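All of these numbers come straight from a predicted model, not from anything done at the bench. For this chain, numbers begin at 1 and follow the sequence in order.
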Amino acid sequence: MKPYEPDFGQLRKVLDKGPSDYPIPFEFYMDGRVVCPDEPGPRADLDEHLRLVEYGVRCFRRAHMHHASVRAHEYGLEFPYSHAHEARERGQQTISLNDRAMIAEPSDVASYPWPDVEAVDYGVLERVAPFLPGNMRLLADAPMGVLELTIRLMGYENMCVSLIEDPAFFKDVSSRIGKILFDHYARAVAYPSVQGLMLNDDWGFNTQTMISPADLRRYVIPWHRVYARLAHERGKVAVMHSCGQLERVYEDIIEDIGIDGKHSYEDAITPVEDMYEAYKGRMAILGGMDINYLCTAAPETIYRRCRAMIDRARADGGYALGSGNSIPSYIPIASWQAMQRAVLDG
């Protein structure tokens with residue numbers, strides 16, 4: 001087992017679509033209760049935002065990562081939306097994409113409390129730098145992306161109707177979101193501690209994209225293209241996190257947006273092994289161990305599949321091992337540890 005020393009340069013080799021010196025882990029979001037249950041919580045002696053970001057760095061360090069994802073809401077960027085029908089308040093297991101509309105009509109656009117990036121505490125991205133071990137660096141996300149936030153604010157059915165009956169309404173909302181996220185990413189990527197942007201925007205259901213590929217190309221993909229360009233112009237990376245069946249837009253993701261790596265895969269859509277064989281050398285494949293699989297498979301079965309995936313990608317590279325989506329609180333600790341062991345065994 002190689003001694004762990006955080007080195008973003010090894011993750012960068014993966015994102016450059018080549019082999020790293022040893023297996024690299026990758027996660028977007030992790031619940032500390034699973035990955036570092038014995039790690040003390042956020043420090044009371046740090047300021048409000050730094051205490052959250054520093055705790056995240058500690059969790060990523062304990063998980064042997066070479067990066068840490070820093071979440072925009074932890075330092076002040078959030079899009080307000082209605083919580084009146086949250087599933088946890090109803091005791092249900094699912095939530096409706098139609099429950100939360102705060103912008104139901106064009107007249108609601110002006111009255112919506114749009115976030116002000118000038119009020120966001122981007123300085124935390126500098127204050128956290130002394131807490132980054134070794135050559136660990138940050139990937140900065142957004143509070144969801146253009147499409148996901150448009151759905152959250154308009155409601156899914158209302159948004160779909162607007163695309164047909166009043167596309168100017170959809171464009172107004174999505175463009176306002178897109179511009180705010182542009183300003184956010186432009187500020188975040190300027191910090192030396194930030195070596196990449198996470199373009200987190202769920203685009204698909206299990207069988208198809210949430211809006212047509214043509215509408216994605218018209219309204220959403222151009223924003224992601226400029227976000228990726230922001231990163232690349234500074235010599236940094238752009239990683240996409242998006243759930244769902246995206247087969248009809250992978251060429252856009254690779255050739256138009258120019259993404260360095262893609263995260264979030266499900267066995268029910270396309271197993272990560274098949275994704276790797278289809279797209280290796282064109283974009284890095286990140287994670288891919290399906291969440292349902294991690295919840296139900298035996299730890300030794302998980303370990304063997306992870307080792308097989310590491311071996312599959314060893315020669316050509318461009319792969320980092322991790323979950324298909326995230327490590328939420330309900331992932332069995334033994335399953336998480338099986339993935340960790342697969343990486344650390346080299």
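- E27 CD to I327 CD1: the interatomic distance, rounded to the nearest 0.5 Å, is 4.0 Å.
- For the atom pair W223 CH2 and F182 CZ, the distance stands at 8.0 Å (nearest 0.5 Å).
- Here the CD1 atom belonging to I253 is positioned 10.5 Å from the CG atom belonging to D256, to the nearest 0.5 angstrom.
- The six-membered or imidazole ring of F205 lies near that of Y156, with a centre-to-centre distance under 6.0 Å.
- Side-chain contact between L199 and V239 is absent, with no heavy-atom pair separated by less than 4.5 Å.
- We find that E54 and R61 are not joined by a salt bridge, their nearest charged nitrogen and carboxylate oxygen being 4.0 Å or further apart.
- Classification of the Y319-Y276 ring pair by plane angle, with boundaries at 30° and 60°, yields perpendicular.
- Side-chain atoms of W114 and D116 form no donor-acceptor pair, as typed in the model, at a separation below 3.5 Å.
- Here K17 contributes atom NZ and I285 contributes atom CD1; the two are 10.5 Å apart, rounded to the nearest 0.5 Å.
- Between H241 and F28, the ring-plane angle classifies as tilted under the 30° and 60° cut-offs.
- Nearest approach of V194 to A140, heavy atoms of both residues: CG1-CB, 4.0 Å.
- Between the side chains of Q245 and N206, not a single donor N or O lies within less than 3.5 Å of an accepting N or O.
- Taking the side chain as every heavy atom from C-beta outward, C243 and N325 approach each other to under 4.5 Å.
- Checked for salt-bridge contact, K280 and E277 meet the test: a charged N lies under 4.0 Å from a carboxylate O.
- Closest of all the heavy-atom pairs between P332 and C295 is CD-CA, 3.9 Å.
- Checking H224 against D252 by side-chain atom types alone, no donor-acceptor pair falls below 3.5 Å.
- Side-chain rings of Y122 and Y75 approach one another, their centers coming within less than 6.0 Å.
- The shortest side-chain heavy-atom distance between D108 and M102 does not fall under the 4.5 Å cut-off.
- Counting all heavy atoms, side chain and backbone alike, G155 lies closest to A101 at N-CB, 4.0 Å.
- Using a 4.0 Å cut-off between charged side-chain N and carboxylate O, R71 and E78 make no salt bridge.
- Within the model, atoms CG of L153 and CD1 of I177 stand 5.0 Å from one another, a figure rounded to the nearest 0.5 Å.
- The aromatic ring centres of F60 and H66 sit 6.0 Å or more apart.
- R152 and Y81 share a donor-acceptor pair across their side chains, judged by distance under 3.5 Å alone.
- Atom OG of S69 and atom CG of L138 lie 9.0 Å apart (nearest 0.5 Å).
- Note on D16 versus K13: no salt bridge recorded, every NZ/NE/NH1/NH2 to OD/OE distance being 4.0 Å or above.
- Donor-acceptor pairing under 3.5 Å is recorded for the side chains of H64 and Q340.
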